[in-house]
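This report concerns only the one structure given below.
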Amino acid sequence: MKTSWRTAALVATAASVLALTTACGQDNVTPPASAAQNVGASASAAGIGTGLGSGNGYGADGAQSSASPTPAAPAGKLTVATNPQLGNVLTDGSGLTLYRFDKDTAEPPKTNCDGDCATTWPPVPADDANAGAGIDKAMLGEVTRADGTKQLTIGGWPAYRYAKDLNSGDVNGQGVGGKWFALAPNGKKASLASLPGLSVRKDPKLGDIVVDKNGRTVYRFLKDKAWPKSVSNCTGACLEKWPAVAPVSTDDTQGVQKKGLMPFTRPDGVKQMSVNCWPIYTFTGDKAPGDTNGQGVGGTWYAVSPEGKPIGAPAE
């Protein structure tokens, strides 16, 4: 990897996977992913701005350049990053977002970005690209460009970086010119629809936290119980403010500890999801994906770690 190209650290979102257990005496049920919906409130995912470009339509502020594109850095091990507005986003070995171009084609793979376009949107070399956790290596391919070089394809779509993405996690190219979009791991345009029922997001202040299928932060209530069985003590008005996360299939999760990852039955007969046997909730005070407004509320509500611990809470 050429460190002069980027110095950003690799974003790794996939946590180690442990075996599912029926400890804590809960319902050993794995409902289909389509059944997952929070109890007590519905949350609509907020979208990211389109960032429509101007000038040459490449997102380079209308500037034209006659200089040849500098050699692109190797792709390295591709990884999956979770973006609050876009869901699962494909990144290269340095954590830089990969993009697709609407003027390209996937069947058959063909690139239509050359010259100035390729300066602003450097093609990702196919040579050393390999699939990291959460990526099906069958999605990786290559296409031969006009200059004879091999460009990486994802699900048939040629992959690019964006010259204005300077740091790991940047998505400045999203929506540029209405034609450039971050890549999901399957080659489709990244969106919150690509998020699993439960996954892990790296928050700048709290670190790795669990989020639901809409990218909403998941919380724990310190007055609940996990042993010898899961018990929710959030009912009535509490439940209206802190909607219970509905059951999620263990196959519809990413990066969350499998042990104790199961639904249980609430006193009202409704099933609720638990992480490490602890009941989990979202917060109506979080208005958009990525919000953590529920953190520390009342000294009893805290974001959940991939292991099910309340982040920042007093020692248990």
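Hydrogens, waters and symmetry mates are skipped; everything else that's a heavy atom, side chains included, is used.
- Looking at heavy atoms from C-beta onward, L140 lies in side-chain contact with L78 at the 4.5 angstrom threshold.
- Nearest approach of L261 to L198, heavy atoms of both residues: CD1-CD1, 4.1 Å.
- Criterion: ILVMFWY side-chain heavy atoms under 4.5 Å apart, direct or through other members. Under it, V143 and L183 are not part of a common hydrophobic cluster.
- What you find for V80 and P185 is that their closest heavy atoms are CG2-CG, 3.7 Å.
- Open room surrounds NZ on K188; 12 or fewer heavy atoms of other groups in view lie less than 6.0 Å from it.
- Note on residues 294-304: no pairs pass side-chain hydrogen bond (donor to acceptor under 3.5 Å, both in side chains), not counting sequence neighbours.
- Y160 has its side chain within reach of Q151: a pair of non-hydrogen atoms, C-beta onward, lies under 4.5 Å apart.
- Here the closest non-hydrogen pair linking V210 and S305 is CG2-O, 3.4 Å.
- At distances below 3.5 Å, at least one donor-acceptor pair connects side-chain atoms of R266 with backbone N or O atoms of C234.
- With D291 contributing its side chain and N293 its backbone, the two residues share no donor-acceptor pair below 3.5 Å.
- Between the side chain of N83 and the backbone N or O of A81, no donor-acceptor pair lies under 3.5 Å.
- A continuous path of hydrophobic side-chain contacts links L152 to I135 [ILVMFWY only; heavy atoms under 4.5 Å].
- A 4.5 Å side-chain heavy-atom check between P123 and T149 finds every atom pair outside the cut-off.
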Requested in this report: Give the intermediate values and the outcome of side chain to side chain contact (heavy atoms under 4.5 Å, CB included) for residues D92 and V124.
Outcome: CA-CA 9 Å; D92 68 8; V124 179; 5.7 Å; no

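- Atoms NZ and OG1, on K241 and T284 in that order, are 7.0 Å from each other to the nearest 0.5 Å.
- One hydrophobic cluster, built from ILVMFWY side chains closer than 4.5 Å, cannot hold both V256 and I209; they sit in different ones.
- Between D102 and F181 the shortest heavy-atom distance is OD2-CE1, 3.4 Å.
- Using a 4.5 Å heavy-atom cutoff, the side chains of L86 and T97 are not in contact.
- For T153 (side chain) and P158 (main-chain N/O), no donor-acceptor pair under 3.5 Å exists by modelled atom type.
- Side-chain contact check for K150 versus P125: every heavy-atom pair is 4.5 Å or farther apart.
- D104 places no side-chain N or O within 3.5 Å of a backbone atom of P109 that could act as its donor or acceptor partner.
- For the atom pair T82 OG1 and N88 CG, the distance stands at 4.5 Å (nearest 0.5 Å).
- In the hydrophobic clustering of this structure, V211 does not group with M273; members are Ile, Leu, Val, Met, Phe, Trp, Tyr whose side-chain heavy atoms approach within less than 4.5 Å, directly or through other members.
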Query raised in the report: Should F221 and S232 be marked as a side chain to side chain contact (heavy atoms under 4.5 Å, CB included) after you check the CA-CA gap, both sets of side-chain angles, and the distance that decides it?
Result: CA-CA 8 Å; F221 186 32; S232 168; over 6 Å; no

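- Between the side chain of D170 and the backbone N or O of N172, no donor-acceptor pair lies under 3.5 Å.
- The same ILVMFWY cluster, assembled from side-chain heavy atoms under 4.5 Å apart, contains both M139 and L98.
- Under the ring-ring contact (aromatic ring centres under 6.0 Å, His included) criterion, Y219 pairs with W242, sequence neighbours left out.
- The heavy-atom pair separating Q272 from P279 by the smallest distance is NE2-CB, 3.5 Å.
- A distance-only check finds a donor-acceptor pair linking the side chain of K258 to the backbone of T250 [under 3.5 Å].
- Separation of atoms CG (N276) and OG (S230) is listed at 9.0 Å; rounding is to 0.5 Å.
- Under a 4.0 Å N-O distance rule, the pair D114/R145 qualifies as a salt bridge.
- Nearest heavy-atom pair across W180 and C117 is CZ2-SG, 3.7 Å.
- Distance check: T217 OG1 to L206 CG gives 8.0 Å after rounding to the nearest 0.5 Å.
- The shortest side-chain heavy-atom distance between V270 and T265 does not fall under the 4.5 Å cut-off.
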Report task. Give the intermediate values and the outcome of side chain to side chain contact (heavy atoms under 4.5 Å, CB included) for residues V176 and Y99. Result -> CA-CA 11 Å; V176 167; Y99 298 88; over 6 Å; no

Report task. Mind running side chain to side chain contact (heavy atoms under 4.5 Å, CB included) on Y281 and D224 for me, showing each step along the way? Result -> CA-CA 11 Å; Y281 311 78; D224 285 347; 2.6 Å; yes

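- Within the model, atoms CZ of R216 and NZ of K287 stand 8.5 Å from one another, a figure rounded to the nearest 0.5 Å.
- D252 places a side-chain N or O within 3.5 Å of a backbone atom of G197 that can act as its donor or acceptor partner.
- Separation of atoms CH2 (W121) and CZ (F101) is listed at 9.0 Å; rounding is to 0.5 Å.
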